[in-house]
There are 2 protein chains.
Amino acid sequence: MTSFIEPLAQESTPSIVADKLRQAIAHGELKPGAQLGEAELARKFGVSRGPLREGMQRLTQEGLLVSIRNRGLFVIDMTPDEIRDMYLAREAIERAAARKIVAGDYEAAGDELLAIVDKMAAAEGDPAAVGEIDIAFHERLVELAHSPRLSRMHKTFITETRMCIHALEETYSASEVRVGEHRTLAQAIRAGDHLHVDDLLMAHMDDAVTRLVNR
Amino acid sequence: MTSFIEPLAQESTPSIVADKLRQAIAHGELKPGAQLGEAELARKFGVSRGPLREGMQRLTQEGLLVSIRNRGLFVIDMTPDEIRDMYLAREAIERAAARKIVAGDYEAAGDELLAIVDKMAAAEGDPAAVGEIDIAFHERLVELAHSPRLSRMHKTFITETRMCIHALEETYSASEVRVGEHRTLAQAIRAGDHLHVDDLLMAHMDDAVTRLVNR
DNA sequence: GGCGTTAGTATTGTCGACAATCTACCTATT
DNA sequence: AATAGGTAGATTGTCGACAATACTAACGCC
């Protein structure tokens, strides 16, 4: 059991705003290219424009929003080049995460990831569910590396990934292939086979990019 | 010659504030653990607290500042664990950058980097200068990959790197070794030898970490 | 003497209002 | 008819003031 007595970290309002906005962008409530009207958003969140703007600045720093002076903030739209760059960055982070996992307790980590793959296999037939579990797999992969920096950066790219999926209404072709790819990857981690993990990850990312870009 | 007529991108005030703060942190004007008093900083920058706070939120998102509710924002202090994590992230980014460079025009990139190494060799004897050129080398390495995301993330870690150097007053032992390491790396890039580049980069980062942590 | 309580002070968090700027539309002129 | 100029509306950028919260220190109580 975990202790109930722990530092009670109250999140700041800008941080909450940033999270909510990130979710809205991820799930397509704020579409690529859309402008974020301050007055309207402030009303919807029930805060004044000050804290709202502070939250939006965070997403600007993350690269999820772009600022045009005296015009406002807009959701980035993911051109093919942007998608390629995003996956380049994701690959960099996940490779580093995998490398650190393999240098540590890779067996426990592998087991956890295999459990997620099982859930993915069970959800086969429901493309949306498979997609969610796919993302959960990669999120967990990075978390298991216990690196604050890798995790923080990865969160941004996961948002962008979700954005792409929603924007393109990606038809998850051949979900059995996807389940297989993830299982192989998890098994390689379970076995601590660093080089294999690395190759699989890179191939996996390449697949994803081509799937999204040549849709 | 480059055209003079180009979209004149006026930076927003929060963005300028963020840059200035980043520099202040990098160069030790704001020391690790120090609190950023809003009223005082706003006065010094000549802006009101609103834009200042927005700029500070950006650095919070970057992880350079930590927020404690109702207490303020503080500069992170780099524990040995933090340093290790930072170099893990830097390594992830620079490896990805190098990989992309080698997949492109690695000869031009290698030449550019070798030129920087020459400058470093010329500055030998002046540890501070060598340190600056060292950082410039890595900055350019990432820029040459032409990846907006890698560059953006790397900027944060360069700031943290500078922070460490200033905090620890690092005595750059054996600068001829450092020049050599960078030259070998640049030559490997010039030759397009991906595997060698990868190995050299990882070794280089490991060296840096142990140098900083076991000071 | 140690602990809990209570002002006092300083700092942050939040808000509403004003100023600056841009877009869109309309008008007048060539 | 097309372009320059001007005006109105809306939105962002900025500021100053107020409210809420946490630290400091002095005081009283057990």
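Predicted model, so just to flag it, every value in this text is computed and none were measured. Throughout, protein chains are lettered first and strands after them, A, B, ... in sequence-line order, and every chain is numbered starting at 1.
The residue Gly72(B) sits close only to the backbone: its heavy atoms come under 4.0 Å of sugar-phosphate atoms, none of a base. Within 4.0 Å (heavy atoms only), Thr13(A) reaches sugar-phosphate atoms of the nucleic acid but no base atom.
Classification of Glu91(A) and Arg99(B) as a salt-bridged pair holds, one side-chain N sitting under 4.0 Å from a carboxylate O. In this structure, Arg162(A) pairs ionically with Glu132(A), as a charged nitrogen and a carboxylate oxygen lie closer than 4.0 Å. We find that Arg140(B) and Glu143(B) are joined by a salt bridge, their nearest charged nitrogen and carboxylate oxygen being less than 4.0 Å apart.
One interatomic measurement links the two molecules: CZ of Phe74(B) to C1' of dC23(D), which rounds to 11 Å at whole-angstrom precision. The separation between Met56(A) atom CE and dT14(D) atom P is 13 Å, rounded to whole Å. In this structure, Arg53(B) atom CZ and dC15(D) atom P are separated by 15 Å, rounded to whole Å. dT11(D) atom P lies 14 Å from atom CG of Leu52(A), rounded to whole Å. Here the P atom of nucleotide dG13(C) and the CG atom of Leu73(B) are 7 Å apart, to the nearest Å. Spacing between atom CD1 of Ile68(A) and atom P of dT11(D) amounts to 16 Å, rounded to whole angstrom units.
The ring pair (Phe, Tyr, Trp, His ring centres under 6.0 Å) search around Phe137(B) returns His182(B), not counting sequence neighbours. Qualifying side chain to side chain contact (heavy atoms under 4.5 Å, CB included) partners for Ala129(A), counting only residues two or more places apart in sequence or in other chains: Ala123(A), Asp126(A). Legend: residues meeting side chain to side chain contact (heavy atoms under 4.5 Å, CB included) with Asp118(B), ordered by chain and number and at least two apart, are Arg183(B).
Within residues 36-48 of chain A, the residues approaching DNA chain D are Leu36(A), Gly37(A), Glu38(A), by heavy-atom distance under 4.0 Å. Taking a 4.0 Å limit (strictly below) on heavy-atom distances, residues 60-67 of chain A does not reach DNA chain C anywhere.
For residues 36-45 of chain A, the side-chain hydrogen bond (donor to acceptor under 3.5 Å, both in side chains) pairs, not counting sequence neighbours, are Glu38(A)-Arg49(A), Glu38(A)-Arg53(A), Glu40(A)-Lys44(A). Here ring pair (Phe, Tyr, Trp, His ring centres under 6.0 Å) pairs that include residues 71-102 of chain A, with residues two or more places apart or in two chains, number zero. Applying the side-chain hydrogen bond (donor to acceptor under 3.5 Å, both in side chains) rule to pairs touching residues 64-82 of chain B yields Arg149(A)-Glu82(B), Asp81(B)-Arg84(B), sequence neighbours excluded. Screening residues 15-37 of chain B for salt bridge (charged side-chain N to carboxylate O under 4.0 Å, His left out), with sequence neighbours left out, gives Asp19(B)-Arg22(B), Arg22(B)-Glu62(B). Within the structure, ring pair (Phe, Tyr, Trp, His ring centres under 6.0 Å) contacts touching residues 26-64 of chain A (residues at least two apart or in different chains) are His27(A)-His166(A).
Side-chain nitrogen and oxygen atoms of Gln35(A) include none within less than 4.0 Å of the OP1 or OP2 phosphate oxygen of dT11(D). For Arg49(A), no side-chain nitrogen or oxygen approaches OP1 or OP2 of dT12(D) to under 4.0 Å.
In this model, a donor atom of one side chain and an acceptor atom of the other lie less than 3.5 Å apart for His154(B) and Glu94(B). With hydrogens and angles left out, the side-chain atoms of His138(A) and Asp134(A) include a donor and acceptor closer than 3.5 Å.
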Can you give me the N/O atom pairs linking the protein to nucleotides 20-23 of chain C at distances under 3.5 Å, or say none if there are none?
residue : atom : partner  : partner atom : Å
dT21(C) : O3'  : Asn70(A) : ND2          : 3.3
dT23(C) : OP1  : Arg71(A) : NE           : 3.4

Interface polar pairs with nucleotides 5-9 of chain C, N/O, under 3.5 angstrom:
none

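For the pair Leu21(A) and Leu36(A), the minimum side-chain heavy-atom distance is below 4.5 Å.
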